[in-house]
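Step one of this worksheet: look at the structure below.
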Amino acid sequence: MSQKTEKLIDKKGLRIDGRKPDELRPIKIEVGVLSNADGSAYIEQGKNKILAAVYGPKELHPKHLALPDRMVLRCRYHMAPFSVQERKSPAPSRREIELSKVIREAIEPAVFVEYYPRTAVDIFIEVLQADGSTRCTSITAASLALADAGIPMRDLVAACSAGKVEDMIVLDLNDVEDKVGTADVPVAYMPNLGVITLLQMDGILTSEEFEKAVNLAIEGCMKIYAMQREALKAKYVSVKEVEE
Amino acid sequence: MSQKTEKLIDKKGLRIDGRKPDELRPIKIEVGVLSNADGSAYIEQGKNKILAAVYGPKELHPKHLALPDRMVLRCRYHMAPFSVQERKSPAPSRREIELSKVIREAIEPAVFVEYYPRTAVDIFIEVLQADGSTRCTSITAASLALADAGIPMRDLVAACSAGKVEDMIVLDLNDVEDKVGTADVPVAYMPNLGVITLLQMDGILTSEEFEKAVNLAIEGCMKIYAMQREALKAKYVSVKEVEE
Amino acid sequence: MSQKTEKLIDKKGLRIDGRKPDELRPIKIEVGVLSNADGSAYIEQGKNKILAAVYGPKELHPKHLALPDRMVLRCRYHMAPFSVQERKSPAPSRREIELSKVIREAIEPAVFVEYYPRTAVDIFIEVLQADGSTRCTSITAASLALADAGIPMRDLVAACSAGKVEDMIVLDLNDVEDKVGTADVPVAYMPNLGVITLLQMDGILTSEEFEKAVNLAIEGCMKIYAMQREALKAKYVSVKEVEE
Amino acid sequence: MTAATTVVRVKQKQIAQLIAKGKRLDGRGLTDYREIKIEQGIIERAEGSAKVLLGKTEVMVGVKIETGEPFPDTPNEGVLTVNAELVPLASPTFEPGPPDENSIELARVVDRGIRESKAIDLEKLCITPGKKVFVIFVDIYVLNHDGNLIDASALAAMTALLNTKMFNYEVENGEVKIKPGYTPLPVRRHPVAVTFAKINDRLVVDPWLEEEQIMDARLTITTDDDGNICAVQKGGSGCFTPKQVFEAVQIAKEKAAEIRKKLGW
Amino acid sequence: MTAATTVVRVKQKQIAQLIAKGKRLDGRGLTDYREIKIEQGIIERAEGSAKVLLGKTEVMVGVKIETGEPFPDTPNEGVLTVNAELVPLASPTFEPGPPDENSIELARVVDRGIRESKAIDLEKLCITPGKKVFVIFVDIYVLNHDGNLIDASALAAMTALLNTKMFNYEVENGEVKIKPGYTPLPVRRHPVAVTFAKINDRLVVDPWLEEEQIMDARLTITTDDDGNICAVQKGGSGCFTPKQVFEAVQIAKEKAAEIRKKLGW
Amino acid sequence: MTAATTVVRVKQKQIAQLIAKGKRLDGRGLTDYREIKIEQGIIERAEGSAKVLLGKTEVMVGVKIETGEPFPDTPNEGVLTVNAELVPLASPTFEPGPPDENSIELARVVDRGIRESKAIDLEKLCITPGKKVFVIFVDIYVLNHDGNLIDASALAAMTALLNTKMFNYEVENGEVKIKPGYTPLPVRRHPVAVTFAKINDRLVVDPWLEEEQIMDARLTITTDDDGNICAVQKGGSGCFTPKQVFEAVQIAKEKAAEIRKKLGW
């Protein structure tokens, strides 16, 4: 993260997009949006626009990759060429390969993988527009797509980032805050079980700041979790936090 | 197709290589030219020099790709690095991948694919020198190679292009006419059945011109078809249309 | 090999690193250096630093590649990005692919491949630092790694280069001699059987010079062979030829 | 591609028999399109964008503009690049990986329609002749595959190009300086692709997925605003009589005119 | 990844049960590292190099320096590139071929530790702003995999960077002229990665291979000389409670300080 | 590569037994080449071309000339690039795809013969030292594989180089201007590769496919016009005694001289 001279927090303590430090961006969730996939979800979080689809459980080819006692969960995080400022080549980047791995590992703890031995479940995530913290928004969507597909799960996984922007710990970094801020802490959380399933950090934080950021991100996850559950019931939900 | 200022039709209505509008380029055909392939054919049409070989029917690996009720017909159209003005990289281009598909789909209607279930037949086409309308010349050769391999067929497929060059609908475009002309219409045809198996077009034509071009191309196919049959009998034939 | 103006042989007939024409570079050999591999060896020859590991015999995937009457011997010669002056891309170069083939073919004559039908044995060679004649040093190491893995062998394979440097036939070319010299003749040899298993040459030699170079390289192989046997017993040996 | 189950076979038979009678399982006439829904400008990060719903087929297109070098044989023209991705989210038959023959064919057919109709005035995209031009990336992204990807993609591509905004600029010492404001991309023609499936020797327009699975062959006719043909592509392992082809041309002209009218093109 | 044999299962059970009691099969305490052996400067052809042995895990790192272009958004900074190869010599589970998700994750976690702690003064590696900078290639080469590749690789990378020598140079008409002598790379921070495995709901530091095979999840905390956190990475298909995470942070700070002290950093 | 059928085995045994008696199944003596037929200049689009028939083995070579940058260590020399494709048309054992070890070895052995004999005066192909030189692409295209691809390819490559015509040019402000007329490529040496198979401990020259399938090992000796050796390559999973190698060298010199004489080189 490189430091630049932009002013990210104004005199009132509000952020570049007018949010309070602990405020989420507006979120829209829709479940079951694709007719071909076994499960799907579409989410907008700020200007993030992300689709997740689930196919499976299904047979695995070649067969020697199948596991005798559990399903194989696979995940592909992919960005559309037009999702970012400079056109992205369609070939998967190193970043996309790493994120596919950590997202899969963030979701796998929630899935009863032993229910469908010898099968595969594929999670496909397409970032149509990227606006910071896409890995969190992707996990939130992927988790809903799995539930929509009827894959048995211990809990939904909700994900949200926190970070440090100009000496302030803030929730749910947008693109500018992610790039120009001091630190970024993406977290995925299973509220019912009280456990963290994704945790990364880059930047510089004291351990106190880190603890604060993780706890703030978990609070964000709790709010998102409520929306996820709402969306599963309603198949569609749109929330913008109002001034309290 | 970009318009340039070259003069493609002279005052007598003759084309850049002296041909009349409805005249084919000189054609040489030789069948059974390669000792390893199960069937093969070599064709020269103008400066096009093209080899086609057929291998099969044979086992398919991996086996789960085999079809229970028919053979799998595969086709690879490939250009030698030295076949064109600027050296072509040996890796298959997007154009070569598309042409491999449309050529396969032009030939498949002629083949009794159900005679050899669970097998594969490979058609390999190598363009040694390219001089316009190579996809048509390739189909003409591939069809002969299949016949030479003894693959059961409904009919031979003959192919020929027509196009528009300076307001005139002409037969069998050469390289310059293809690049500088107004439109190109490659057609593959099964004369006995009276059906078109390949049809593409790029450029600009009124529907009347298009109809005229397709009909002219079919006439070309009929002439080439006669040569194909001759070549299968003689294993070698060379034809240059003479002034009538 | 390009001719440059550096002086490679001094007035006393000594080489750029002080060696006599028929003198090997200092050699250190250690066998059984890696805990995961079934067999391994590390060798330093001059500034060459090379690791070889053997895995197998083991099952082959996909199974249709297995041979009913013998093992499949595979070999990968690979250079670390930092092993040469200009950083080498990690993707295998054409040179590495050729060397993997000739090294495999240099070692295969020594292996009783028929003892383990339907299996595979992998030889992995990593050049950590390259200083000329790496293919020979690699063969010497790979042969020890095979022995360390308990793969049944007719004989050890020892390898050494000879070449022509400023009108003199010399043993065991280093990097500078390899690049600036007139010719390079890498040889692999099985002393007990008296046969050559690798032979290449590039440069220009009369047939008399070539014969002399091959014979000198075989002498080098004999010396290295003695060290190999010593190393198998001692698991570690370090030899620098002393002035006689 | 895999063996169809019995239930599927029964449905396929039904679809084919209905078509022989001039009817379709979803109630459409043989030359009717499914409902077309278009959204545009939905990807703010892209210079142009559109999403087309053709029944349940869903295609998104994003347009990005960069600067680059012209092709040596057209030094005064910008570069148009059309790319298509059949992302695995859109269909159980799509696989991750580099573009296969289907996505390449899709991109090239859409590309030819735009290019051959000279829909974009590429000469207006030249910055410094022979050195620097604008490169227009048209990225087709199939989100749900329910048949007739070509027509949906061609519509989405043209819609995205029509709402594409280019930043204003001036050239100073060979460098492009961005100036305030935007101008639309110089789009002057509106090619429309109309695709037919041949089933039971009849032609149907805008085949949906289940029709495509049983069709003998496919034919796409792209026409421009004047009813001229600018691109044709036959696909599939079957054939057409010349009569069927010429009949398709007439229908394609009519359907394209209808669509152009509906979209105000 | 394949089904473990009975013998292996028994051993795995034993490892897990011991850890529940606060013990480890190899006699270490839960927060003890294996023996660390470091060699440096061993690859003369490289500008910097190191080999780290962490128990039987063996990682080599070579540093090469070339000139190249800066990234557009940091025109005044040199470029740091970290790459990792899991060469098949190092483990029966590694395959030849392009980098897979494991080697990419390894490289990126090590990269983030160095980059986010600003360990290298990249501004000192600029030759001509916006045009020419030094590019530092850090190549991680795993030679034997016995667990905890991240910590071993991060240690080897920092050791190699610390012994990296850059040739002296001057710029003449935009061309770099080499001058006699060498200067060390401007390294100013010493990030240390400390990795935990969660087994039987307990955290163990520096897991060896057999512990990794039964761990639920992995957590790496990288801290800088001041005890600030500069990179975190959770791996594996399990989870951590927030309490475990915060506990790990404290242990990581202590272990990193110990290592830094031992190495004289 | 697959298990040979009984009929094939019987034939293989016969071939081997005949060779032990100094005879070959096709009637040749052990050191006889098959009939060599050469066509040249057959690809008008290429600057040079040739087709060689060695019995039923058929190899085409095309030479293309482009301009490019020299290698940093030879700034005054043009660049020679030899590439070989074993297209699947030529043999049931060839597969489509990127070059495998066999095509790479073939290209590199032919390349070394031309390069090490200094057959082409690369210094005459320099346009602007260090900046711009001619790049000679020699593309080997195997059309039918009936054994001994190396010798056929080397012959075709040299024939194609010998009939290669370069356009005349002058350099104006660093740009190459084409002038009327052509000059031949500066070829000054005529390396010839002679390949041996070892079967039943005997050496045979110019093995055909069925001999290659049973040979223990392969040896190629390339010599120049003066009988000097300029490239050697042992192939195959067998071995040679030193005596066999030196014997092969003498035969190779004789056979190469014969071929050079026959071709008027």
Side-chain angles (χ1 to χ4, degrees), chain B residues 1-4 64-65 67-70 73 75 86 92-102 104-111 113 154-155 157 179 182-190 193-211 213-215 217-218, chain D residues 1-3 71-74 76-77 82-84 98-109 111-113 115-118 122 189 191 198 216-224 226-246 248-250 252-253:
Chain B
M1 298 204 157
S2 64
Q3 301 284 47
K4 286 188 192 164
H64 75 265
L65 295 178
L67 300 179
D69 52 354
R70 46 162 296 185
L73 187 69
C75 177
E86 284 209 29
S93 65
R94 290 164 59 92
R95 179 182 165 276
E96 282 169 296
I97 292 170
E98 187 203 345
L99 290 198
S100 296
K101 178 178 190 290
V102 297
R104 186 189 71 228
E105 292 175 340
I107 287 173
E108 197 156 351
V111 178
V113 291
R154 291 182 175 78
D155 196 1
V157 183
K179 290 206 178 99
T182 310
D184 173 27
V185 185
V187 173
Y189 193 67
M190 288 200 285
L193 299 157
V195 291
I196 290 170
T197 65
L198 173 126
L199 180 64
Q200 295 183 291
M201 197 278 265
D202 57 305
I204 286 279
L205 292 179
T206 64
S207 46
E208 294 72 30
E209 288 169 336
F210 176 70
E211 199 163 328
V214 170
N215 286 326
I218 290 174
Chain D
M1 297 287 165
T2 57
F71 289 116
D73 52 342
T74 52
N76 299 311
E77 293 184 9
V82 180
N83 183 58
D100 69 354
E101 61 173 30
N102 294 307
S103 61
I104 287 172
E105 186 189 32
L106 173 59
R108 286 173 62 85
V109 172
D111 180 296
R112 281 201 285 267
R115 189 180 305 276
E116 300 298 339
S117 67
K118 300 185 194 307
L122 291 176
R189 308 292 282 169
K198 190 178 105 178
D216 295 310
R218 196 194 68 213
L219 185 66
T220 300
I221 316 271
T222 306
T223 51
D224 69 10
D226 298 327
N228 293 320
I229 305 170
C230 51
V232 173
Q233 182 87 349
K234 177 253 167 184
S237 301
C239 52
F240 292 92
T241 61
K243 191 163 162 284
Q244 285 170 331
V245 169
F246 304 141
V249 166
Q250 294 314 318
K253 284 165 70 170

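The basis for the numbers below is simple: all heavy atoms, side chains too, and nothing from hydrogens, waters or symmetry mates. The sequence lines fix the lettering, A, B, ..., with proteins before strands; numbering per chain opens at 1. Values in this document were obtained by computation on a predicted structure and should not be read as measured data.
- Pairing each heavy atom of B:Thr197 with each of D:Lys234, the nearest pair is O-NZ, 2.6 Å.
- Proximity of a side-chain donor or acceptor of B:Lys101 to a complementary backbone N or O of D:Asn102 within less than 3.5 Å is not detected.
- Checked against side chain to side chain contact (heavy atoms under 4.5 Å, CB included), D:Ser237 has the following partners two or more places apart in sequence or in another chain: B:Glu105, B:Glu108.
- Note that the NZ atom of D:Lys118 and the CD1 atom of B:Ile204 stand 7.5 Å from one another [nearest 0.5 Å].
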Salt bridge (Lys or Arg N to Asp or Glu O under 4.0 Å) for B:Glu98 and D:Arg112? Distances and angles first, verdict last. CA-CA 13 Å; B:Glu98 187 203 345; D:Arg112 281 201 285 267; 2.7 Å; yes
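- Looking only at side-chain heavy atoms (C-beta outward), D:Phe240 and B:Leu199 stay at 4.5 Å or farther from each other.
- Across all non-hydrogen atoms, the minimal contact from B:Gly194 to D:Pro242 is O-CD, 3.5 Å.
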Run the numbers on D:Asn83 and B:Arg94 for side-chain contact (heavy atoms from CB on, under 4.5 Å), then give the verdict. CA-CA 10 Å; D:Asn83 183 58; B:Arg94 290 164 59 92; 3.7 Å; yes
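- The side chain to side chain contact (heavy atoms under 4.5 Å, CB included) check on D:Asn76 picks up D:Pro129, with sequence neighbours excluded.
- In this structure, chain B has no heavy atom under 4.5 Å from any part of D:Asp216.
- Here CE of B:Met201 is found 8.5 Å from CD1 of D:Ile221. Values are rounded to the nearest 0.5 Å.
- In this structure, OG1 in B:Thr206 is found 11.0 Å from CG in D:Asp226, a value given to the nearest 0.5 Å.
- For D:Lys243, no part sits under 4.5 Å from any heavy atom of chain B, backbone or side chain.
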I'd like to know whether B:Ile196 forms a side-chain contact (heavy atoms from CB on, under 4.5 Å) with D:Thr241, so could you lay out the CA-CA distance, the side-chain angles of the two residues, the decisive distance to 0.1 Å, and finally the verdict. CA-CA 6 Å; B:Ile196 290 170; D:Thr241 61; over 6 Å; no
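- For chain D, the nearby part of B:Leu198 is the backbone; its heavy atoms alone come within less than 4.5 Å.
- Residues D:Glu105 and B:Val102 are in side-chain contact: their nearest non-hydrogen atoms beyond the backbone lie under 4.5 Å apart.
- Rounded to the nearest 0.5 Å, atoms CG (B:Leu99) and CD1 (D:Ile104) are 11.0 Å apart.
- The shortest distance between side-chain heavy atoms of B:Ser207 and D:Ile229 falls below 4.5 Å.
- A heavy-atom distance below 4.5 Å is not found between the side chains of D:Asn228 and B:Phe210.
- The residue among B:Leu73, B:Val111, B:Ile97 with the most heavy atom pairs within less than 4.5 Å of chain D is B:Ile97.
- B:Ile218 touches chain D through its side chain: at least one heavy atom from C-beta onward sits under 4.5 Å away, while N, CA, C and O do not.
- With a 4.5 Å cut-off on side-chain heavy atoms, B:Val185 and D:Val232 do not count as touching.
- With a 4.5 angstrom heavy-atom cutoff, D:Gln250 touches chain B only via side-chain atoms.
- No other option in B:Arg95, B:Met190, B:Glu209, B:Glu208 has as many heavy-atom pairs under 4.5 Å with chain D as B:Arg95.
- B:Arg104 places a side-chain heavy atom less than 4.5 Å from the side chain of D:Glu101.
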